[in-house]
2 protein chains.
Amino acid sequence: MDYRKSLNDILVRLFAHVLDIEEKCLKKGEFSDLTIKEMHIIDSIGIEKESSMSETAKELGITSGTLTIAIDNLIRKGYVQRNRSKEDRRVVLVKLTEKGSRAYRAHEDFHKDLVASVLEVLEDKEKGLLIKVLSNIDDFFKKKYHI
Amino acid sequence: MDYRKSLNDILVRLFAHVLDIEEKCLKKGEFSDLTIKEMHIIDSIGIEKESSMSETAKELGITSGTLTIAIDNLIRKGYVQRNRSKEDRRVVLVKLTEKGSRAYRAHEDFHKDLVASVLEVLEDKEKGLLIKVLSNIDDFFKKKYHI
DNA sequence: TAATATAATTTGAATATCAAAATATTTGAG
DNA sequence: CTCAAATATTTTGATATTCAAATTATATTA
């Protein structure tokens with residue numbers, strides 16, 4: 001049996017599906033004015049803390065210029081606040097508004113649900129194997145492409 | 001062991017980065033003028049065959065209008081040819097040029113590498129189980145989220 | 001203090017995307 | 001056989017995403 005072909009096909013399909021599912025669920029809920037990318041920015045800013053633009057951009061793997069524009073939109077939509085740092089006036093700190101925090105938690109819940117649903121249908125042995133394989137993919141990327 | 005947390009962390013990291021990595025890998029090679037989305041269009045057109053615009057758009061989950069523009073760019077860059085069907089003159093058939101076929105194969109190799117690195121750490125018994133587990137997850141997503 | 005470094009924003013350009021309108025062609029009902 | 005409806009694609013107008021390079025403001029350091 002050709003494991004290589006089966007595995008490749010199913011991984012490609014799964015990766016594509018998870019993102020579709022995430023987007024679809026987002027568009028149905030309370031925060032349908034957010035794109036997936038905006039939701040990931042909210043996730044990266046995190047709850048109950050202030051992050052600088054450059055920190056956040058680095059974590060997301062985008063340039064500061066790109067983030068500036070995205071943050072402009074998130075402020076316009078009421079999810080984020082922007083303040084200059086008192087210690088270093090060059091630094092801009094962003095933080096989630098109350099609405100932003102609710103969006104953060106909704107996204108967190110979605111992930112929890114998704115993972116719980118997947119684990120529910122697996123035996124213990126299968127759970128272990130799944131984690132081993134995904135960690136391995138993660139390592140492969142780290143080693144080979146230095147992420 | 002807390003499978004939930006492990007699985008969630010790995011999924012978040014992997015899904016956030018997998019396309020970045022693929023893109024980064026792409027930008028280092030011979031086909032650095034392609035974006036990852038253009039590469040996926042090349043992948044969807046496939047080697048040694050002609051596909052219609054609507055077939056291809058459907059497979060990719062984008063509108064024909066979006067595909068038209070992307071194909072314009074791929075033609076300009078020399079990866080794709082466009083021809084009208086003889087049987088039905090409404091239909092436009094696209095196919096890879098020689099350069100397009102080379103790009104296709106380079107992308108195929110990236111996936112082969114990834115899959116090989118996953119399989120190499122597994123016992124034969126685990127390989128079978130992995131395919132089964134991933135297929136189950138895929139089916140589960142189909143049912144629960146109607147993708 | 002003046003040069004240099006750092007943080008962020010702005011600008012200009014390309015790609016990505018959709019919905020709706022427009023164009024060309026085929027099909028099917030009468 | 002003809003004309004309305006259906007189909008395939010492209011065009012248009014709008015917004016989002018992205019980057020690199022230029023610009024602005026502030027801090028650091030020689």
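Numbers restart at 1 for each chain; the letters A, B, ... are given by sequence-line order, proteins then strands.
Counting to the nearest Å, the P atom of D/dT9 and the CD1 atom of B/I75 are 13 Å from each other. The distance from atom CD1 of A/I36 to atom P of D/dT17 is 11 Å, rounded to the nearest whole Å. With rounding to whole Å, B/I69 atom CD1 is found 15 Å from D/dT9 atom P. What separates CD1 of A/I41 from P of D/dT17 is a distance of 7 Å, to the nearest Å. Rounded to a whole Å, the NZ atom of B/K27 is 11 Å from the P atom of D/dC19. Atom-to-atom, CG of A/L34 to C1' of D/dT17 comes out at 15 Å; the value is rounded to the nearest Å. We find that CE of B/M53 is positioned 12 Å from C1' of D/dT11, with the value rounded to whole Å. Atom CG of B/N83 is separated from atom P of D/dT10 by 12 Å (rounded to the nearest Å).
In this structure, A/T66 reaches the bases: a heavy-atom distance under 4.0 Å links it to at least one base atom across the strands shown. Among the heavy atoms of the strands lying under 4.0 Å from B/K77 are primed sugar atoms or P, OP1, OP2 only; no base atom is included. Contacts of B/T35 with the nucleic acid, taken as non-hydrogen atoms under 4.0 Å apart, involve only primed sugar atoms and P, OP1 or OP2.
Sequence order on DNA chain C of the closest nucleotides to B/N73 and B/I62 puts B/N73 first from the 5' end. Closest-nucleotide positions on DNA chain D for B/D72 and A/G61 were compared, and the one nearer the 5' end corresponds to B/D72.
Here the closest heavy-atom approach between residue B/G46 and residue B/Y104 is recorded as CA-CE1, 3.8 Å. Of all heavy-atom pairs spanning A/I42 and A/A103, the tightest one is CD1-CB, 4.3 Å. When every heavy atom of A/V118 is checked against every heavy atom of B/L7, the shortest pair comes out as CG1-CD2, 4.4 Å. Taking every heavy atom of both residues into account, B/K99 and B/F31 meet most closely at O-CE2, 4.0 Å.
Close to D/dT17, at under 4.0 Å from its OP1 or OP2, lies no side-chain N or O of B/K37. Checking the phosphate oxygens (OP1, OP2) of D/dT9, a side-chain nitrogen or oxygen of B/S54 falls inside 4.0 Å. Residue B/R82 places at least one side-chain N or O closer than 4.0 Å to OP1 or OP2 of D/dT10.
The CG atom of B/L93 sits 11.5 Å away from the CD atom of B/Q81 when rounded to the nearest 0.5 Å.
Between A/N8 and B/L114 the shortest side-chain heavy-atom distance does not fall below 4.5 Å. Proximity of B/T68 to B/I71: side-chain heavy atoms (C-beta onward) are nowhere separated by under 4.5 Å.
Evaluation of the side chain to side chain donor-acceptor pair (under 3.5 Å) test over residues 114-126 of chain A, restricted to residues two or more places apart or in two chains, returns A/S117-B/K144.
B/H107 and B/H111 have perpendicular rings, their planes meeting at more than 60° on a 0 to 90° scale where under 30° would count as parallel.
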What's touching nucleotides 23-30 of chain D from the protein side, N or O pairs under 3.5 Å?
from   : atom 1 : to    : atom 2 : distance (Å)
D/dA27 : OP1    : A/R89 : N      : 3.0
D/dA27 : O4'    : A/R90 : NE     : 3.4

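Side-chain N or O atoms of A/R84 include one that pairs as donor or acceptor with a backbone N or O of A/R90 at under 3.5 Å.
Scanning DNA chain C 5' to 3' for nucleotides with an atom closer than 4.0 angstrom to a non-hydrogen atom of chain A gives a first and last hit of C/dA5 to C/dT10.
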